[in-house]
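Working notes, beginning with the structure itself.
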Amino acid sequence: MRYVTTIDGKEYEIEVVDDRHVRIGDRLLTVDFESVSGQPVFSLILDGKSHESFVYQSDEGWQVLLYGRQFQVKVEDEREKRLRAAAGGGVAEGGEFHLKAPMPGLVVAIPVSEGQEVKKGQVLVILESMKMQNELKSPRDGVVAHIKAKAGESVEQKQILLNLQ
Amino acid sequence: MRYVTTIDGKEYEIEVVDDRHVRIGDRLLTVDFESVSGQPVFSLILDGKSHESFVYQSDEGWQVLLYGRQFQVKVEDEREKRLRAAAGGGVAEGGEFHLKAPMPGLVVAIPVSEGQEVKKGQVLVILESMKMQNELKSPRDGVVAHIKAKAGESVEQKQILLNLQ
Amino acid sequence: MFKKVLIANRGEIAVRIIRACRELGLETVAVFSEADRNALHVRYADEAYLLGPAPSRESYLRADKILDVAKKTGADAIHPGYGFLAEREDFAAKCHDLGITFIGPKPSSIAAMGDKAEARATVIKAGVPVVPGTEDVGNMTDDDLLRIAPQIGFPLLIKATAGGGGKGMREVRSLEEMPTLLQSARREAESAFGDGNVYLEKLVEGARHIEFQIIADSHGNVIHLGERECSIQRRHQKLVEEAPSPFLDDELREKMGNVAVKAAQAVDYINAGTIEFLVDKDRNFYFLEMNTRLQVEHPVTEMVTGIDIVAEQLRIARGRQLSYTQEQVKFNGHAIECRVNAEDPFNNFIPSTGRITHSILPTGPGVRVDTGVYPGFEITPYYDPMIAKLIVWGETRAQAILRMRRALEEYRIVGVRTNIPFHQTLMDSHRFMGGQFDTRFVEERFSMESASEMDEAQAEIAAILATLVAHKETERSAQIVRRNERDTSNWKWVGRWERMHR
Amino acid sequence: MFKKVLIANRGEIAVRIIRACRELGLETVAVFSEADRNALHVRYADEAYLLGPAPSRESYLRADKILDVAKKTGADAIHPGYGFLAEREDFAAKCHDLGITFIGPKPSSIAAMGDKAEARATVIKAGVPVVPGTEDVGNMTDDDLLRIAPQIGFPLLIKATAGGGGKGMREVRSLEEMPTLLQSARREAESAFGDGNVYLEKLVEGARHIEFQIIADSHGNVIHLGERECSIQRRHQKLVEEAPSPFLDDELREKMGNVAVKAAQAVDYINAGTIEFLVDKDRNFYFLEMNTRLQVEHPVTEMVTGIDIVAEQLRIARGRQLSYTQEQVKFNGHAIECRVNAEDPFNNFIPSTGRITHSILPTGPGVRVDTGVYPGFEITPYYDPMIAKLIVWGETRAQAILRMRRALEEYRIVGVRTNIPFHQTLMDSHRFMGGQFDTRFVEERFSMESASEMDEAQAEIAAILATLVAHKETERSAQIVRRNERDTSNWKWVGRWERMHR
């Protein structure tokens, strides 16, 4: 199976040849790949080099934690890649953004109002959890569309707090 | 539910009253009982005292490992107890004994032969495992009925090596 | 002399205290909230009693319930750990009234040092230098503070009068932003300590946070166990501590140690406590505050002195003399502690909750882990995000850093995000290795990205890993779909059959 | 100077060596058998290569394959750990021929000390006292040995010439039982070392096993790091080691230390090694053998001296001078090691295999765990049953024992049986606490039952626990039955439907 894998804009063509081999570009590498203890922890022996990594899926694609660094990785098989190319360069950026609570907590304040223009990095919600006040910031410029929580409210993890347009 | 629980010949009458209470003899005790991490490790808070134990079933009944000691425990509910009483004092002792391999290994020697009388503590089989030669001894006096393995043979855990009558 | 100790705390510090008690042959009583039934301190203690629901206010802060448990169980001493009731004068006093030994200082010492304004006044009298700020104040209004601020000068700090651990602390760069910050500081202080009072202090720039461990017995002996360097902080929360400080020499150490002892004596101090100083780049030092309790970072001092501080606390509380004189305290090698927090260093250090599904602790020579969690334990949003302390010892600072790097690399925690990658990045940073940092280092001159300037080889491995995992996932879900199809089809038969026979 | 070290071993010692390499900035190459793909040493090393199937003979003893890996990877040094190839002269020589640094002594020293008979002859020449026994012998036949035995006198020991770790060792009380025992000793020696040669030695009764750690560099410096008391054994397998020995005073320590250094010098020793002595109740001591390698129990010496022995081995092998002079070696406090074996102490110490499903390590002040296993790892029957070493340090022996007790109590391993209860019983035994034991203590004057003279209160708790678990089990299986009944009934529909429409 052939994949096109992208990290930070750089594409890697990777073919899973069989259980013991992958091809990256034109190099054939020996792999010995195991998940450890049934966990999302993977031990990879790649041409003799031993690596260990925590790999999991998030909304932004695959997250690979390796040697204390985190890589955001997009993996597409050839078919997906072709489909996306045909659709003309992929999904449009800048659609609606849902600010979700990253953990359960208490909404302390929402220092923005509906219709307000906000800048990237501006604080949208202050959420108290684990005895800390955490500022949830805007990932981009935009306009606050709907505020779906209010100060003093307890919220669940992943609950949508507000939408940005 | 009422149980009759036996350790080393001593009987305990124990009633599981509800989720939070047991009665032992005529004392009502508060219990807070949890298995830890989905393991056969149990945390018991009994009238405020915190105990932790590894509890599992073996051929000889329940094994309770508590404070570095191992207790062999028989638990019967009242119905079982009555049935056994009606049957006239329980199962007859001294039936056939199956010597099972306690671990996978290599049979080094079987220093007894079929039909031979053996004493309690006499070596029946020498099994090599984990680079150690382990002597499997007779748990009681008896006669070797069938030998089901031979020297040089690799055996699996729990495989029957010989029978004793 | 007491025989049974109630530990009025949770997490790693409760476990730490139980260990010391057990090694001294003392019985232990744990208390717990509904969220902590399976916590390690409950499992390890001799006795354990439920206090109430998860929120601290309804459990670990319920002095009345804790004292009831002490009375019921005959616990004749209480160790408060840190946080919660550790620096509550009224709680210490109540213990005293009930004839229960409070393992800590006298209520009057807690009071004197607990009110930061009063503490400053007290140590100034004893000749200890302090950071310029608001003096002899009780309840200042926002108006008062806004009026005084320009006299102190910007930048300055708003600090909670009842504070500690950076809670209720805000940095102010100008008068304009001060009202908003006052409001949020008071709010946080109110929620953390039940007391919204704040005061102001000049912000010493380029400062290091260096503290001295004090132990004092009831016979008038007071000694210090050397300093801890605690400048690696984020939002006024310490993240890494080490002993000794790479910034001090023997001369300054002795001078500051003596001042620390003097500060403790000024409030008739007994038991273990910590004098925090700010040291500016010209080696001027200022008293910041005294923590009248056991400190999170006490293990680094234990590693370099060989002294078990908690055991010493228990002995002192039993009326014994200190086991050591100042001359007998020897410093050997270098120790570093990394606080392992359940928070995501790649996502603004946002706390992470969830069940720990798997864990491998780093072990081996010179490595110590103090933790209250284990595989299967659930990290809830109710308490501090610190889940473990990783402490290493080395003959030299360089060796300790290398050892910390290998220990961090070995550490596995699955189920919650942790700040271990932050510590790895820090240990790799040249400034940290060179000892060139102040309390602003993490926030101003450190970044998770800068260190990870895209290592090409590692990126390629990450790409292969993600591809292999994705491939496996695809294969597995294909199988599940196939199996489900069969199952569904069977159920379809049933459905049809039922419809046919209805 | 080498830069990349191949570790020709597995388990905790491979992990231990990887740690030392990493802390010195050396690259590491692991080798592994098919049973060890997921072992910790494979996961922690920089590189890892498969040797072959699980049995040692086909993997960890395959010198040829290991040297191939070294050549392929450019590893310019090999650390053999203990066991396997650690004391094989030919292997060390082959490394030398290939220009690979063997991290250990010269082949000639291994040879001189490896043949136990030759070793005796060598040290006798250097004036070191030895236990009476068969002298200058190569391959003695059973007839030879049976003839010499009465001259040495009973009781005596049959020992493997190539031996170590108690393998191929048998105790003989009379001439009659000797032929059978010779046979089984030879068999075990053959299978363990590929060499069935044995020799005889007088059995010193009431003896203690006390050994001295030696380190020697290539510049002619030889020092000792004090002794380890290793008398707590079962079937000649050490179970508990401590430093210092409660039996030695400073005078005897110095005397034995000097003799140990002399014995090492007699074979031009370089790197770390251990001189084992028997000490009888009148404090006479006899050279027993020299282990020309790193010892399992080296951590107790590390804990009391602060010296990282493996790091020192690596430095010595790189041609450096020793980091310490004899005078700089200081002993501080007391350390104890318990070997945690996968074996059932309640069932004749029979080895236990299986997957470790859960584990909590004891941690905190003064506790170190060296292990190669983790939750999810499978304990196979192919290798040594030792799965971890639990080491504690205390200011005094009493404190170390108390700390060991609390650490043992905290330790959880689920999935295989372990001898932790044995250690708990031992730490509770008055004789052990009093330091009154010899090498026969465990087999002759210790029992798991004696200690557990039925504690009434504990038995009652055990009864309640078993009842609660049985009750839970009954309730659960009742539910499963009910669920299955429903499922079955659905499937019955399908069956009927199918039959109807066939």
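Naming: A, B, ... by sequence-line order, numbering from 1 per chain. Only heavy atoms go into these numbers, but all of them, side chains included; no hydrogens, no water, no symmetry mates.
Contact of B/Glu135 with chain D is made through the backbone alone, with heavy-atom distances under 4.5 Å. In this structure, no portion of B/Leu127 lies under 4.5 Å from any heavy atom of chain D. For chain D, no part of B/Glu76 is nearby; none of its heavy atoms comes within less than 4.5 Å. Interface residue D/Glu460: backbone and side-chain heavy atoms are both found under 4.5 Å from chain B. In this structure, the portion of D/Arg417 lying under 4.5 Å from any heavy atom of chain B is its side chain and not its backbone. Proximity to chain B involves both the backbone and the side chain of D/Leu468, based on heavy atoms less than 4.5 angstrom apart. Using a 4.5 Å cut-off between heavy atoms, B/Ser35 contacts chain D through both its backbone and its side chain. For D/Ile464, the parts sitting under 4.5 Å from any heavy atom of chain B are the backbone and the side chain alike.
Shown here is B/Asp19, whose CG atom has no more than 12 heavy atoms of other residues, nucleotides or ligands within 6.0 Å. Within 6.0 Å of CZ in D/Arg187 there are more than 12 heavy atoms belonging to other residues, nucleotides or ligands. The 12-atom threshold is not exceeded at CD of B/Glu13, counting heavy atoms of other residues, nucleotides or ligands nearer than 6.0 Å. Atom NE2 of B/His21 is surrounded by more than 12 heavy atoms from other residues, nucleotides or ligands within 6.0 Å. The neighbour count for B/Glu156 CD, taken as heavy atoms of other residues, nucleotides or ligands under 6.0 Å away, does not exceed 12. Counting heavy-atom neighbours within 6.0 Å of B/Glu117 CD, excluding the residue itself, gives a total of 12 or less. Sparse packing is recorded around CD of D/Gln183, with 12 or fewer heavy atoms of other residues, nucleotides or ligands lying under 6.0 Å away.
Between B/Tyr67 and D/Asp455, every side-chain heavy-atom pair lies at or beyond the 4.5 Å cut-off. Contact check for D/Gln458 versus B/His51: no side-chain heavy atoms found under the 4.5 Å cut-off. Residues B/Ile24 and D/Thr467 have side chains not in contact (no heavy-atom distance under 4.5 Å, counting atoms from C-beta outward). Looking at D/Arg412 and B/Glu52, their side chains come closer than 4.5 Å, going by heavy atoms from C-beta outward. Using a 4.5 Å heavy-atom threshold, the side chains of D/Leu465 and B/Val73 count as separate. Looking at B/Phe33 and D/Lys472, their side chains come closer than 4.5 Å, going by heavy atoms from C-beta outward.
Residue B/Met1 holds its CE atom at 5.5 Å from OG1 of D/Thr474, rounded to the nearest 0.5 Å. Here CD1 of D/Ile360 is found 9.5 Å from CD of B/Gln39. Values are rounded to the nearest 0.5 Å. Taken to the nearest 0.5 Å, the CG atom of B/Asn134 stands 10.5 Å off from the CG atom of D/Asn347. To the nearest 0.5 angstrom, B/Gln157 atom CD is 7.0 Å from D/Ser352 atom OG.
Shown here for D/Ala466 and B/Trp62, the closest heavy-atom pair between the two residues is CB-CB, 4.1 Å. For the residue pair B/Ile7 and D/Ala463, the shortest heavy atom distance occurs at CD1-N, 3.7 Å. Contact detail for B/Gly68 and D/Gln424: the closest heavy-atom pair is CA-OE1, 3.0 Å.
Interface residues of residues 380-389 of chain D toward chain B, defined by a heavy-atom distance below 4.5 Å and sorted by number: D/Thr380, D/Pro381, D/Tyr382, D/Tyr383, D/Asp384, D/Pro385.
With chain B as partner, the option from D/Glu409, D/Glu473, D/His423, D/His358 having the largest number of non-hydrogen pairs under 4.5 angstrom is D/His358. Chain D forms the most heavy-atom pairs under 4.5 Å with one residue out of B/Leu66, B/Val22, B/Val36, and that residue is B/Leu66. Chain B forms more heavy-atom pairs under 4.5 Å with one residue of D/Pro421, D/Ala342, D/Gly354 than with any other, namely D/Pro421. Contact count versus chain B (heavy atoms, under 4.5 Å) is highest, among D/Asn348, D/Ile379, D/Leu408, D/Val469, for D/Val469. Comparing B/Ile126, B/Val41, B/Val55 by heavy-atom pairs within less than 4.5 Å of chain D, the highest count is held by B/Val55.
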Run the side-chain contact (heavy atoms from CB on, under 4.5 Å) test on D/Met448 and B/Gln70 for me, step by step, so that the C-alpha distance in whole Å, both residues' side-chain angles and the decisive distance to 0.1 Å come before the verdict. CA-CA 10 Å; D/Met448 292 298 290; B/Gln70 183 165 270; over 6 Å; no

